[in-house]
Amino acid sequence: MLRASANLVFMIDYFTMNKYLTTFLQHKSTPFLTFFLVLLYLIIYAAYIIIPPVRNPESISYFLAALSVHSIIAALLWNTLKTTMPSLLLLALLFFVPRMILFPMLPWLSDDVFGYLWYGHVTVHGMNPFEANADSPLYHHLRNASYNLMAYKQFPAIYPPLAELWIALGVWIGELWSDGWFAALMGWKSILFIMEIITFALIAKARTILSHSINKGVLLFALSPLPVIEIMGQAHNEGLILPLIILMAIIASRLFQTQTPMLALVIGTIIGAMAAIKIYPIVLILPLIALRTLTWRNKIIIILTAITSLIAISAPFLYKPESLQQFANVLQFYNRTYFNSPPLIIIRELLALLNIHQWWHKAPTLLTFIRLAALIALAAFWYKHSKQQHTQTLNAQFFLIALAILLCFTILSPKVHTWYFVPILALNIITRFQSIALITTIQMASYALYLHTPPKEHHTLNFILWAIMLIPITKEFYKKWANPNGQN
């Protein structure tokens, strides 16, 4: 407990020093210092590569120590660069070099990727990964090293169909080289790296299209180790959503100005595609349908197109009722694994105190209804305030409420993994919440549960950290809502 607390406190301690760092750097910052910090920030990514890729207390201690130093350097670099206008070349350097360094990193913080590779292998061989459990005799002849390394063999594929198709493409690319799991992993990572390239190209485009500067948001994203570690390092499939988030933002900004039905159709398709990768981005439809200045025709187009595209993508895989039921069952099982969210823990304790029958299993369902109520409340708030005459203000507030809805859905989930925050970080490129850095640092610190064997969650410490996480972003939201076009 003490070792975990020490690591976590050290990781967030630099936020208490921000005003002192800012004052120091305003007086001491030089081109040499900036160059040194950039170089040090990039070099530390190599530290993650040399940590023994075994999930045990020793490796986790090394990882948290490296992340602690990395976070402090990122804070120093942010305070050095935030007062200037970073060039596209510098942003590209901070964006791509870390991803290239972590490309060969083995996935040891999470074993999800081996499930990806197995189901991708099943799909490549013309079989439906949703049809049966991984350990089913139906797939026995396909078993390989990925199958041996994956967890939860007693379930079918957990990820929606479009994610499985992209994973299958990556596995197919890898199997052109070798039949081993490492080749399949490199093939899958090549798909993720291409998505990162597309994301940065769209970010560069967004800098010229959106009506307010996003340079600081891009810098915040580039200086966050979380998306690099979770996407390029651990190969999580949230990387598939990144370009779609930025593309949706660009098109939404144009839609608000022109009210063109074709743009509404494209946005609906993008939302449907994101939901076919990771279900939760479907909530981004809420700020659109609650926007009072958007015509009803465009709202209907967005809703119908999102639903149609999601069904069209999913139908070839989930057309059988039993496949759909199995997919729902595995999502329910997911609520009984590690990384319980503090809201879920609170609800479980209350239900246990009230002696509710099967309180352990009912708590996630209750939290789901609470989350739905919170999302509806945010949409109602947006509906009340969205009739703005000034287009620039309307755009800025739309992205603020979209981020709030996405963040609300995430933190009120039964399970909260670090990689869930990658799409939030992408959307924050536009909203530019500086407190997002605090959130991502705390979320990365959640790996401290592996400092124990078996893993142990420290609920009291998590409650404290979540309070530290949510108070600053709530204050920043109100500040930005009052001045949505501000440059802070």
In residues 38-45, what donor-acceptor pairs under 3.5 Å come from side-chain atoms, sequence neighbours left out?
| residue | atom | partner | partner atom | Å |
| --- | --- | --- | --- | --- |
| Y41 | OH | Y45 | OH | 2.8 |
| Y41 | OH | A222 | O | 3.1 |
| Y41 | OH | L223 | O | 3.3 |

Give every residue pair that meets the side chain to side chain donor-acceptor pair (under 3.5 Å) criterion with at least one member in residues 192-206, sequence neighbours excluded. R99-E196
Could you tell me how the ring of Y48 sits relative to the ring of H70: parallel (under 30°), tilted (30 to 60°) or perpendicular (over 60°)? tilted
Is NZ or CZ of K153 both nearer than 6.0 Å to the six-membered ring centre of Y147 and within 45° of the ring axis? yes
Residues passing the side-chain contact (heavy atoms from CB on, under 4.5 Å) test with L291, sequence neighbours excluded, are F256, T293, L294, W382, S386, L394
Go through the structure and list residues passing side-chain contact (heavy atoms from CB on, under 4.5 Å) with S87, not counting sequence neighbours. L89, L90
Is the ring pair H417/F339 parallel, tilted or perpendicular, if the boundaries are 30 and 60 degrees? tilted
Side-chain donor-acceptor pair under 3.5 Å between T418 and Y447, yes or no? yes
Distance-only donor-acceptor check, side chains S435 and E476, under 3.5 Å: yes
Is the OH atom of Y280 crowded by more than 12 outside heavy atoms at less than 6.0 Å? yes
Among residues at least two apart in sequence or on other chains, which ones pass ring-ring contact (aromatic ring centres under 6.0 Å, His included) with F433? none
Parallel, tilted or perpendicular, as decided by the 30° and 60° cut-offs, for the rings of Y116 and H236: perpendicular
Contacts of type side-chain contact (heavy atoms from CB on, under 4.5 Å), residue F381, not counting sequence neighbours: H385, I401, W481
